[in-house]
Peer 1: 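Would you mind keeping the following structure in view while I ask a few things?
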Amino acid sequence: MTDSENNTIASNFIHDIIDRDLAENPELKIHTRFPPEPNGYLHIGSAKAIRINHSTAKKYGGTFNLRYDDTNPEKEDEEYVKSIYEDLLWLGAVPDGGVFYGSDYFEQCYEFAVKLIKDGKAYVCDLSAEDMRLYRGTLTEPGRNSPYRERTVEENLALFQAMKEGVYPDGSKTLRAKIDMASPNMNLRDPAIYRILHTPHHRQGNKWCIYPLYDYAHPIQDALEGITHSLCSIEFENHRPLYDWVIDNIGFAHKPHQWEFARLNVTHTVMSKRYLRELVETGLVDGWDDPRMPTLCGLRRRGYTPAAIFDFLDRAGVSKSLSVVDYELLEHCIREELNLTAERRVAVVDPIKVVITNYPEHQVEYFELPNNPNDETAGKRQLPFTRELFIDREDFAEVPPPKYFRLKPGGEVRLMGAYIIKCEELVKDEQGQIREIRCRADLETGCGMPGDGRKVKGTIHWLSAAHAKDATLMLYDKLFTIEDVSAIPEGKGYGDYLNTASVTKVSHAKVEPVLAGAAPGQRYQFVRLGYFIKDHKYDNTFIRIVGLKDSYPNKK
RNA sequence: UGCGGCAUCGCCAAGCGGUAAGGCAACGGACUCUGACUCCGUCAUUACCUAGGUUCAAAUCCUAGUGCCGCAGCCA
């Protein structure tokens, strides 16, 4: 995705806000950031945050930072730092402003906290977690002041330093912002801004035993990096007053502003990192990059491209209303791209033998098939034709349903790129199963031959039995049977709606010979079937990205 | 029960007082050696959560309701 393409993305309410800000201050250089906590793998919901922050910066000629929000050492790990970076680069959202770590600002966070204490705006509180909750009040009742709220500046300073030096055990004290215990906004009821945690940090080691909390650290990080627009998801909307409080009371000259947008939800899948982890850990899926997962590594393995993902995100739009976007929109986006770019190949999912009775036994002839009929420049390839062929079992019906125009007894059908054949006889075994379909070809109708122009209604794909290669096809389906997982009734869980048939492994598919050399990651359209990608994890395996649309009346 | 947010077609979503964009899905039809693609057409008209009101004119403004989401971590 190039910058010029980014400029074409539709406007949204965030752009309106920026336009307004720019009208007031034409000198403003837009600066955004993507601040993931390295506690899991990125998913398509994260990609929305990336897309919004990144494309907004690009649209206005601004700068985009990646910042690991690593203020909670208990949940974070280098494994995730690495994967997040890979996924971000894969998407093409280059952090041209730099890569930062929230933990690199610990020193400054500490100094700002000392300043707040000196200004009488923060205090050390000895309340236990449970007591703090009691004192906080409820949604409808105001809270009560902590008995430690009026400690002197000197006492607070000494206590906070002792906290830092490791004098106190985990949970025994916190540093709290002195705001308003009666605020109708719970976040303003003297929120804890530092906690004691004798846990080593994945980057800082044992340097710290007190850690700043999100609401305190985030605005500082934004201010220090010169972020102008801190675009985050809507559950932080109630935190905005606290975000502004921190900026104002520390006294930053540069004031970043937080704006919120609705999170992304997609039908038939789940965005909860907690639950995705559970799927991985219980073995219900084959790792974080299982092709059914909404993770970026899962989508990548499934064959989705960054362009299709961004296209999807852009089409889904940006607003503040809770929504669940149809998975079919994502499928549409990848189909649209791959229709233009994927070369066509033949694969037969469930082979059944067809014998061309009037074709010589040992003859081989080659037909040229276009790599992409919609794109002349894609060139052609050769497909061997012999007396014995495979076609897909679905393309033959002994008792055809209405409007069936594939192969049927006595019927004619076109073998794509080759002859028109007529079904004349069925050979069955003792059980009555069809062993082979015997057909007669109209040998004048091959591509470029005199009868080339003859029309029949149906066209099916085929493979020379002697030349076809074996391959494994992985056919994935939706992870959950329920459309909107947030609508799961009480008493039921995600597990009750897991699609038990979300994967079908086809071990004995046949593919055309040239596919034996397909490079991992290569995408194709298997003609009349769908788009597939050669897997990089398992040999000789093709993963179905998405099927072709099918308007056959009896389908679906 | 407090505070904040959101309510426009099956799903997203424009609209910012001047008479309901667009995309996906769906449904017709044309084309077709992929029942794909492409193309053409249909798809909110006592209509914009409801009820009142202001106005020549309201999805847009006002009033009163209703519904849904978020918030009571020393998580982010």
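Per chain, numbering begins at 1; letters A, B, ... match sequence-line order.
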Peer 1: Atom CZ of A:R263 and atom P of B:C71: how far apart are they, to the nearest Å?
Peer 2: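 A:R263 atom CZ is separated from B:C71 atom P by 11 Å.
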Peer 1: Let's see if you can work this out: which of B:G2, B:C74, B:G35 has an atom nearest to the side-chain heavy atoms of A:M132?
Peer 2: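 For the A:M132 side chain, the nearest candidate turns out to be B:C74.
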Peer 1: Could you tell me whether A:L213 contacts a base, only the sugar-phosphate backbone, or nothing, with contacts defined as non-hydrogen atoms closer than 4.0 Å?
Peer 2: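 Sugar-phosphate, backbone atoms only, no base.
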Peer 1: Mind checking if A:R133 touches a base, just sugar-phosphate, or nothing, with heavy atoms under 4.0 Å?
Peer 2: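 Touches sugar-phosphate only.
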Peer 1: Just verifying a value: how many Å separate A:K422 NZ and A:I420 CD1, rounded to the nearest 0.5 Å?
Peer 2: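 Spacing of NZ (A:K422) from CD1 (A:I420) equals 12.0 Å.
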Peer 1: Regarding A:D452, tell me which of base, sugar-phosphate or nothing describes its non-hydrogen contacts under 4.0 Å with the strands shown.
Peer 2: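 The answer is base, as A:D452 lies within the cut-off (heavy atoms under 4.0 Å) of a base atom.
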Peer 1: Give me syn or anti for B:G73, where syn covers glycosidic angles within 90 degrees of 0.
Peer 2: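 B:G73: syn glycosidic orientation.
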Peer 1: Looking only at side-chain atoms of A:S321, point me to the closest of B:A76, B:G23, B:C6.
Peer 2: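 The answer is B:C6, which lies nearest to the side chain.
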Peer 1: Within this structure, what is the CD-to-P distance between A:E237 and B:A76, rounded to whole angstrom?
Peer 2: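 Atom-to-atom, A:E237 to B:A76, this comes out as 20 Å.
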Peer 1: Rounded to whole angstroms, how far apart are CZ on A:R189 and C1' on B:G73?
Peer 2: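 From A:R189 CZ to B:G73 C1': 15 Å.
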Peer 1: Let me see the working for A:R345 and A:V527 under side chain to side chain contact (heavy atoms under 4.5 Å, CB included), right down to the final yes or no.
Peer 2: CA-CA 6 Å; A:R345 294 290 184 270; A:V527 126; over 6 Å; no
Peer 1: Angle between ring planes, A:Y80 versus A:Y41, binned at 30° and 60°: parallel, tilted or perpendicular?
Peer 2: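 A:Y80 and A:Y41: perpendicular rings.
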Peer 1: Base, sugar-phosphate, or nothing: which does A:D16 touch, judged by heavy atoms less than 4.0 Å apart?
Peer 2: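 Since a base atom lies under 4.0 Å of A:D16, the category is base.
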Peer 1: Among the candidates B:G5, B:G35, B:C74, find the nucleotide nearest to the side-chain atoms of A:Y552.
Peer 2: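 Of the candidates, B:G35 comes closest.
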Peer 1: Checking only heavy atoms, does the side chain of A:Q525 share a donor-acceptor pair with the base of B:U34 at less than 3.5 Å?
Peer 2: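 A donor-acceptor contact between them is present.
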Peer 1: How many angstroms lie between OG1 in A:T295 and CG in A:D87, if you round to the nearest 0.5 Å?
Peer 2: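 Atom-to-atom, A:T295:OG1 and A:D87:CG are 8.0 Å apart.
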Peer 1: Heavy atoms only, 4.0 Å cut-off, all strands: where does A:C447 land among base, sugar-phosphate and nothing?
Peer 2: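 Base contact - A:C447 has a heavy atom under 4.0 Å of at least one base atom.
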Peer 1: Within less than 4.0 Å of OP1 or OP2 of B:A76, is there a side-chain N or O belonging to A:K75?
Peer 2: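 False: A:K75 side-chain N/O out of range (4.0 Å or more) of B:A76 OP1/OP2.
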Peer 1: For B:A36, does OP1 or OP2 lie under 4.0 Å from any side-chain N or O of A:S551?
Peer 2: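 Indeed, a polar side-chain atom of A:S551 lies that close.
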Peer 1: May I ask you to verify if any side-chain N or O of A:H332 is less than 4.0 angstrom from the OP1 or OP2 atom of B:C24?
Peer 2: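 So the side-chain polar atoms of A:H332 do come within 4.0 Å of the phosphate oxygens OP1 or OP2 of B:C24, strictly under.
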Peer 1: Touch check for A:P35, heavy atoms < 4.0 angstrom, all strands: base, sugar-phosphate only, or nothing?
Peer 2: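 Contact class for A:P35: none.
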Peer 1: Write down the distance between CG (A:D311) and P (B:A13), rounded to a whole number of angstrom.
Peer 2: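 Roughly 16 Å, once rounded to whole Å.
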Peer 1: Could you tell me the Watson-Crick or G-U partner of B:A72, where both distances fall under 3.5 Å? Say none if there is no partner.
Peer 2: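 Across any shown strand, B:A72 pairs with none.
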Peer 1: Of all the nucleotides listed (B:C33, B:A26, B:A76), which has the minimum atom distance to the side chain of A:K549?
Peer 2: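 Looking only at side-chain atoms, A:K549 lies closest to B:A26.
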Peer 1: Which of the following nucleotides, B:G2, B:U34, B:U32, is nearest to the side chain of A:K457?
Peer 2: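 So the side chain of A:K457 is nearest to B:U32.
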Peer 1: Looking at every strand, decide which applies to A:S486 at a 4.0 Å heavy-atom threshold: base, sugar-phosphate, or nothing.
Peer 2: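 Contact class for A:S486: none.
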Peer 1: When rounded to the nearest Å, what value does the distance between C1' atoms of B:A30 and B:A14 take?
Peer 2: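 The same atom, C1', in both gives a distance of 31 Å.
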Peer 1: Fit a plane to each ring of A:H239 and A:F236, take the angle between them on a 0 to 90° scale, and name the class: parallel (under 30°), tilted (30 to 60°) or perpendicular (over 60°).
Peer 2: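 Perpendicular: the ring planes of A:H239 and A:F236 meet at over 60°.
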Peer 1: Spell out protein contact along nucleotides 65-70 of chain B as letters: B when the base is contacted, S when just the sugar-phosphate is, - when no protein heavy atom is under 4.0 Å; keep the 5' to 3' order.
Peer 2: ----SB
Peer 1: How would you label the contact of A:V456 with the nucleic acid (heavy atoms, under 4.0 Å): base, sugar-phosphate, or nothing?
Peer 2: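 Nothing: the residue A:V456, judged by heavy atoms under 4.0 Å, touches no strand.
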Peer 1: Which of the following nucleotides, B:C12, B:U1, B:C16, is nearest to the side chain of A:A316?
Peer 2: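 The answer is B:C12, which lies nearest to the side chain.
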Peer 1: Once you round it to whole Å, what is the distance between P of B:G35 and NZ of A:K403?
Peer 2: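 Interatomic distance, NZ of A:K403 to P of B:G35: 15 Å.
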Peer 1: Tell me the interatomic distance from A:R528, atom CZ, to B:U34, atom P, rounded to whole angstroms.
Peer 2: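 Those two atoms, CZ and P, are 10 Å apart.
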Peer 1: For A:R454 and B:U32, give me the distance from atom CZ to atom P, rounded to whole Å.
Peer 2: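 These atoms are roughly 17 Å apart.
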Peer 1: Students often get this wrong, so: under 4.0 angstrom with heavy atoms, is A:N72 touching a base, only sugar-phosphate, or nothing?
Peer 2: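 The answer is sugar-phosphate, as A:N72 gets under 4.0 Å only of primed atoms, P, OP1 or OP2.
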Peer 1: Select one nucleotide: of B:G35, B:C71, B:C74, the one nearest the side-chain heavy atoms of A:D550.
Peer 2: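 My answer, after comparing the listed nucleotides, is B:G35.
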Peer 1: B:A36, OP1 or OP2 - any side-chain N/O from A:R344 closer than 4.0 Å?
Peer 2: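 Answer no for this pair, as no side-chain N or O of A:R344 is under 4.0 Å from OP1 or OP2.
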Peer 1: Verify the contact: side-chain N or O of A:T459 to OP1 or OP2 of B:U32, cut-off strictly under 4.0 Å; return yes or no.
Peer 2: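 Checking B:U32 against A:T459, no side-chain N or O comes under 4.0 Å of OP1 or OP2.
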Peer 1: With a 3.5 angstrom cut-off on both distances, give the Watson-Crick or G-U wobble partner of B:A20, or none if there isn't one.
Peer 2: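 Base-paired to nothing in any strand shown.
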Peer 1: Under 4.0 Å between any heavy atoms, over every strand shown, what does A:H461 touch: base, sugar-phosphate, or nothing? Just pick one.
Peer 2: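 The residue A:H461 makes no contact with any strand.
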Peer 1: Return the value, rounded to whole Å, for the distance between atom CZ of A:R33 and atom P of B:A76.
Peer 2: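 Distance, rounded to whole Å: 15 Å.
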Peer 1: Could you check whether A:F405 gets within reach of a base, just the sugar-phosphate, or nothing at all, counting any heavy atom under 4.0 Å?
Peer 2: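 Base, at least one base atom sits under 4.0 Å.
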Peer 1: Which residue is it: A:H43, A:K48, A:R263? I am looking for the one with a side chain to side chain contact (heavy atoms under 4.5 Å, CB included) to A:M271.
Peer 2: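 Exactly one pass, corresponding to A:H43.
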Peer 1: Would you mind telling me which of B:C16, B:C74, B:G23 lies closest to the side-chain atoms of A:R315?
Peer 2: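 Selected nucleotide (nearest to the side chain): B:G23.
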Peer 1: Which is true for A:S323 with a 4.0 Å heavy-atom rule: it touches a base, it touches only sugar-phosphate, or it touches nothing?
Peer 2: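 If one applies the 4.0 Å heavy-atom cut-off, A:S323 turns out to touch the sugar-phosphate alone, with no base involved.
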Peer 1: Look at the rings of A:F532 and A:F526 and say which category their plane angle falls in: under 30° parallel, 30 to 60° tilted, over 60° perpendicular.
Peer 2: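 Taking A:F526 first and then A:F532, their aromatic rings lie parallel (interplane angle under 30°).
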Peer 1: Counting Watson-Crick and G-U wobble pairs only, both distances under 3.5 Å, name the nucleotide matched with B:A64, or none.
Peer 2: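 With both distances under 3.5 Å, B:A64 matches B:U50.
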Peer 1: Applying a 4.0 Å non-hydrogen cut-off, can you work out what A:Y404 is touching in the nucleic acid: base, sugar-phosphate, or nothing?
Peer 2: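 Base, at least one base atom sits under 4.0 Å.
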Peer 1: Mind telling me whether A:Y552 and A:Y404 have parallel, tilted or perpendicular rings, with 30° and 60° as the class edges?
Peer 2: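 It falls in the perpendicular class, over 60°.
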Peer 1: Check whether any side-chain heavy atom of A:L224 sits under 4.5 Å from a side-chain heavy atom of A:F100, and report yes or no.
Peer 2: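 A side-chain contact under 4.5 Å is absent here.
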Peer 1: How long is the span from the CZ atom in A:F367 to the OH atom in A:Y419, to the nearest 0.5 Å?
Peer 2: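 Result: 3.5 Å between the selected atoms.
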Peer 1: Is there a side-chain contact between A:S319 and the phosphate of B:C12, meaning an N or O under 4.0 Å from OP1 or OP2?
Peer 2: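 False: A:S319 side-chain N/O out of range (4.0 Å or more) of B:C12 OP1/OP2.
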Peer 1: Can you tell me if the side-chain N/O atoms of A:R136 get under 4.0 Å from OP1 or OP2 in B:C74?
Peer 2: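 Yes, A:R136 has a side-chain N/O under 4.0 Å of OP1/OP2 on B:C74.
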